[in-house]
Structure formats: structure tokens, C-alpha cells
**Student:** 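Here it is: the structure, laid out below.
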Amino acid sequence: MHEKKKIAIIGGGISGLSAGVYACLQGLDAELYESHHSVGGECTAWRRGGYEIDGCIHWMTGTSSRSPWHALWETCGALSAETGIVNHEHITSCMDGQGRMCYLYSNIEKMETELLRISPGDAKAIRELIRRVGIFRKVQFPVKKPMEMLSVGEKLKFFLPYTFIIKDMLAGMKISVADYVKRFRSPVIRQLLLGVAIDRRHVNTLFLAIACRANGDGGWPLGGSRRMALRMQQRFETLGGKVFLNSNVEKIVIEQGRATGIRVHGETAMRPFDFIVPAMDIHALLNRLLDGKYSLPYYEKRFADIEKYPLISAMQIAFGVETDLSHRPHNLTLELSRPLVAGGDTVAHVHVRHYACDPAFSPDGNTLAVIWFVNFAFERWHDLREQSEQEYQSEKKRIGDLMLAELHRVYPETDGKARVIDVATPLAYHKYCHAYRGAYMSFLSRPGTMPETHRGVIDGVGNLFLAGQWVFPDGGLPLALLSGKFAIQRLARQLHLSQKRGRS
């Protein structure tokens, strides 16, 4: 009988909670340290004026019971048979030049019919889009265990079915979403597709997103981000894990090349542990908790070339609407009446979303609506606030007022019944989630860059295993979830090998 090993998990986001659950299932004594007053990390929400504003989930891979991700979410307590899931009929929508609604349907047959109705002249490009989506409907991410832990037989079994689509996948990695949509003559179809995937990413991300919805996946878990994170915390604690909130870990203690403990802000003594799993912003880990002492070329080249490996942030303007918008499309890609300059970035299209499907977000009879758009202007927002808090707040108000007018334009019934209740800039993700450059996802997959996954360990530091979306290209909730599982699998492999050799 071996002594129960102690593990410290730094960060209470989705990856940290996942690592905590899987650590408990491995029989480890797990403690989770979160600097904020609640768990969730970037999977979060906040209250304003009687409304709850969700800062994360727009749609989520793994809500379908047929998805291989679903079992992982269930294991970690995020989803269960009691969790309500909303699957909308369409992925996004927009208005044509005559003000008529056009839809990108989740159902692949309805999607093709609608796109052909919108633009018969684009028939060839539409059918090629449908073919590509059909290919990606069959693609699955390996979620069983880390790649280096798969046997040769397991790798062959997983990858052989994909050999026939390698050519298509490699071709898609060479073209951006922005360039791909240019092959459609119809500006309406271009607008619909740009409402699904970020224009700077390679086009495979567009096909994958549509394929997810076409497979009946990618729904909305009722209650949203905050409640899902709290369910994961409950699962972790039920298994015996301990959560320490408002506990900012300042240092990871390294002794003789091994992680041996952590130092928490306000404490002088080290807290000793057998293993450490940082599930946090990778820039803060390397430069603050590890004092910049360790070289990781994987991350160094990405931080040094922000154009090739961009980090994505966003702005979100929230509105309290004193009417029911359930008759309106839940997601609308809107071309602004005139381009908006936000932090120096010029924005031509935005996403308009409402949450009438979920009563948890609004008072009875009212609706939370948001306008959301990608924003790469972290430095400009940071500099503006450093120069003048008053000017920073004034700029937020200007943008909020302009977006309120756009909301009235697209939903006239909101005129006189809606008010701006919150304007979140990239600084919000930086301040409240400690996210480097306000990034809510990791490095984007750009055309011409091969996706690489970090191996989750640091040379020269034993007993430390990385979790968090930063170990994967693009990141996102499912990969954050998987990273926690993978970190514990790597840890368990090392522990079991050590025990066999009599070192425990």
C-alpha cells in the first residue's frame, strides 16, 4: 500500500477542475488553488442590473451524447442527464439587402437548400462547401490519452480512417476563412460564413464548426458558463478534492530539479506537494511563478511572433432589454451601418446574440442581448486606461451608445426598451482572468502554420505537468477540459513507473 500522493492544482478554470476530478479518480490527494473568489476562470459570467452576462460559452462541443467529448464532460460533472441543452435550428443568420432574414441552418440539407435559394449562381461553391463539411463530420479528436501514450496499434486504428481526407485537410490549412469566402459571389453567404469562424484562422476551423452543429452537437447548456463551472467544482469536492478560493499562488518551489511546493500570497511558509499541475495562463506561469528561468521554445517563438501566432480577445456590449426577443434569431451576423473603430481596430461586422432561451439570464419577460466582436487591440486599450481612466470610460460609453443604436436598427422593438448595462474590453479578460494580452483562447491556427501540441512538461522540472488550453493550438473549452485529463494521465504514468521501480 503506497502513501497517498499530494497534488496542487494552480487555477480553477475548466482545465484545473478537470485535472482535479481526474486526480481524485487516480486516488491522489488533490488541492486546487484559485486566485479569484469563484471557480471557472474564463468560463465565467457576471451580474449587472438584474441580468447575468455570460462571458464564455456561445456553443460547446460535447453537448451531444454521441460526441466522444460528452463522456469527459459527464465525468467532470459539467453535464448530466439533468442538464438542459438548447440546440438552435440555425447556426447564424443575417439580413439581405432587402431586410429579409437568411439563415445558415444546422441541418445540412436545409443549409444547402437555403444557400442555393440565396444565390443560385454560387451552386458550385455551395456544393463544395457541403462536401467539405461532410468530410469534417467524420473527424474526431483523440481524447483517450495523450498522443505519446498511444501504442503504434492505437495510432494506426485512429489515423487510418483519415488517410483519404489528408489532401483536403492540408489544402484547408493553407487558406484563411477571409480568403475562402471570397469564392462566393453572394455577400449574404460571405456574411453568414464569417459569422461562424474568425476570418484570420485557416478555413478548416470553419468546416469543423459547421460540421459540429450538423452532427447535432455544439448546443448551449442551460444556465451557461458559471453554473457549469460550479457543477464541476461540486463534482471535484464530492470526490474528496479541496478548493482554496482567493488564494493567489505566487511561486512554484523548485528544489534539485523537482517541483516540491507552492507559495501562496500572504504566507511565508511553503506548502509542500508531491506534484504540481499549473492550469493557468502560460505567460504568467513562465514569467512569474517560475521567474523566467526555464526555456520553452514552443512558447517563446509564439510570444515573439504575434503576427504569425495571434492571440484573440474580444469586446462584448451587453443590453438589458425590457421585452421578450424569443421570436428573433438567437444569433445574427450584422454588417454595421458604418464601420466602428474600437481601440484602433476597424470593425465592420458584429455578432448580435440574445439569451431568451435561458431564463437564468434575465428577469421575467425581459431578455439579455449582447453585441460581440473580435478585438486585437489590447495594447491600445491598456495604454488608454493608463493615460486616463476618464477617457477609457468615455470610449467605452461611446462604443456602447453606438452599439445600442445598432441594436435598435436590427430589432426596432427594443427602441426605448433597452439600455447598455456593461461594456467589456480585452482588459476585462486580463484583469479578472489574468489572461495574457486579454486572450480568451490560445494561439490561433493561421494559414501556413502547422498545428502543434505542447507535450505538457518542462525540461529540467520534474513532478510538474502542464494543463490549460495553452498546450493546444486554438484552445477553447473542450481542449481545456482534455488538457486536465492528459496532465493527470502523464502524472499517473510517471507515478506508476516510479512505484514499480520502488521509488515511491
Side-chain angles (χ1 to χ4, degrees), residues 7 9 14-16 18-28 61-62 64-76 135-170 172-173 204-205 208 211-212 215 217 275 277-279 282 296-299 442-443 445 449-459 461-501:
I7 174 177
I9 300 161
I14 297 304
S15 56
S18 169
V21 168
Y22 281 101
C24 290
L25 293 174
Q26 284 284 346
L28 298 167
T61 304
S64 169
S65 60
R66 297 187 299 274
S67 167
W69 295 95
H70 190 80
L72 275 65
W73 288 120
E74 283 194 321
T75 297
C76 292
I135 288 172
F136 279 85
R137 290 183 71 178
K138 302 171 185 176
V139 172
Q140 298 291 349
F141 198 90
V143 300
K144 184 178 180 181
K145 50 188 171 181
M147 194 61 64
E148 76 273 12
M149 292 175 63
L150 293 175
S151 68
V152 173
E154 287 173 323
K155 289 179 181 178
L156 286 173
K157 182 178 179 181
F158 182 82
F159 286 109
L160 275 177
Y162 298 133
T163 54
F164 74 99
I165 63 170
I166 290 294
K167 184 178 179 181
D168 278 303
M169 294 184 73
L170 291 176
M173 290 173 61
N204 287 350
T205 61
L208 280 167
C212 176
N215 283 338
D217 201 5
F275 299 99
V277 173
I282 193 68
L296 273 76
Y298 176 94
Y299 294 110
S442 67
F443 308 99
S445 293
T449 59
M450 290 295 292
E452 299 176 84
T453 298
H454 191 265
R455 55 198 179 92
V457 295
I458 300 177
D459 290 336
V461 184
N463 293 357
L464 185 142
F465 299 88
L466 304 181
Q469 61 173 340
W470 292 89
V471 301
F472 292 103
D474 292 312
L477 289 177
L479 292 176
L481 174 81
L482 190 64
S483 75
K485 176 188 178 185
F486 280 5
I488 300 304
Q489 287 178 313
R490 291 178 172 123
L491 184 160
R493 179 178 61 172
Q494 175 182 307
L495 179 59
H496 295 156
L497 286 174
S498 297
Q499 289 173 343
K500 285 181 181 179
R501 294 168 184 163

**Student:** Are there over 12 heavy-atom neighbours, none belonging to Lys138, within less than 6.0 Å of that residue's NZ?
**Tutor:** no
**Student:** Look at the side chain of Asp217 and the backbone N and O of Thr61, then say whether any donor-acceptor pair between them is shorter than 3.5 Å.
**Tutor:**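 Judged by distance alone, no pair lies under 3.5 Å.
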**Student:** For the pair Lys144 (side chain) and Leu150 (backbone), establish whether a donor and an acceptor sit closer than 3.5 Å, ignoring hydrogens and angles.
**Tutor:** no
**Student:** Please list, chain by chain and in numerical order, all residues satisfying ring pair (Phe, Tyr, Trp, His ring centres under 6.0 Å) with Tyr22, sequence neighbours excluded.
**Tutor:** none
**Student:** Using 0.5 Å steps for rounding, measure from the CZ atom of Arg455 to the CD atom of Glu148.
**Tutor:** 9.0 Å
**Student:** Rounded to the nearest 0.5 Å, what separates atom CG in Leu482 from atom CZ in Phe472?
**Tutor:**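 Here the rounded value is 4.5 Å.
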**Student:** Parallel, tilted or perpendicular: which one describes the rings of Phe275 and Phe465, with boundaries at 30° and 60°?
**Tutor:** tilted
**Student:** Donor-acceptor pair, Ser483 side chain versus Gly468 backbone, under 3.5 Å?
**Tutor:**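 At least one qualifying donor-acceptor pair exists.
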**Student:** Considering all heavy atoms of both residues, which atom of Asn204 and which atom of Gly172 are nearest to each other, and what is their separation?
**Tutor:** OD1-CA, 3.2 Å
**Student:** Search all heavy atoms of Ala19 against all heavy atoms of Val277 and return the closest pair with its distance.
**Tutor:** CB-CG1, 4.2 Å
**Student:** Rounded at 0.5 Å granularity, tell me how far CG in Leu491 sits from CG in Leu464.
**Tutor:** 10.0 Å
**Student:** Return the minimal non-hydrogen interatomic distance between Val471 and Tyr298, and the atom names on each side.
**Tutor:** O-OH, 4.0 Å
**Student:** Working to the nearest 0.5 Å, report the span between OG of Ser442 and CG of Asp474.
**Tutor:**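 Reported to 0.5 Å precision, the distance equals 6.0 Å.
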**Student:** Give me the ring orientation class for His454 and Tyr299: parallel if the planes are under 30° apart, tilted from 30 to 60°, perpendicular past 60°.
**Tutor:** tilted
**Student:** Got a sec, which residues hit ring pair (Phe, Tyr, Trp, His ring centres under 6.0 Å) with Phe158, two or more places apart in sequence or on another chain?
**Tutor:** Tyr162
**Student:** Kindly give the heavy-atom pair with the smallest separation between Ile488 and Ile7, and that separation in Å.
**Tutor:**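 Here Ile488 and Ile7 meet closest at CD1-CD1, 3.7 Å.
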**Student:** Going through the distances and angles, do Met147 and Thr453 end up as a side chain to side chain contact (heavy atoms under 4.5 Å, CB included)?
**Tutor:** CA-CA 10 Å; Met147 194 61 64; Thr453 298; over 6 Å; no
**Student:** Thr75 side chain to Ala71 main-chain N or O, any donor-acceptor pair under 3.5 Å?
**Tutor:** yes
**Student:** Supply the atom-to-atom distance Ser18 OG to Trp73 CH2, rounded to the nearest 0.5 angstrom.
**Tutor:**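 Ser18 OG to Trp73 CH2: 8.0 Å, rounded to 0.5 Å.
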**Student:** Looking only at atom types and distance, does a side-chain atom of Asn215 sit under 3.5 Å from a main-chain N or O of Arg137, one as donor and one as acceptor?
**Tutor:** yes
**Student:** Which distance, rounded to the nearest 0.5 Å, do you find between the CD1 of Ile135 and the CG of Asp168?
**Tutor:**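 Interatomic distance, Ile135 CD1 to Asp168 CG, rounded to 0.5 Å: 3.5 Å.
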**Student:** Apply the test side chain to side chain contact (heavy atoms under 4.5 Å, CB included) to residues Gln489 and Gln26: give CA-CA distance (whole Å), side-chain angles for both, the deciding distance (0.1 Å), then the verdict.
**Tutor:** CA-CA 9 Å; Gln489 287 178 313; Gln26 284 284 346; 5.6 Å; no
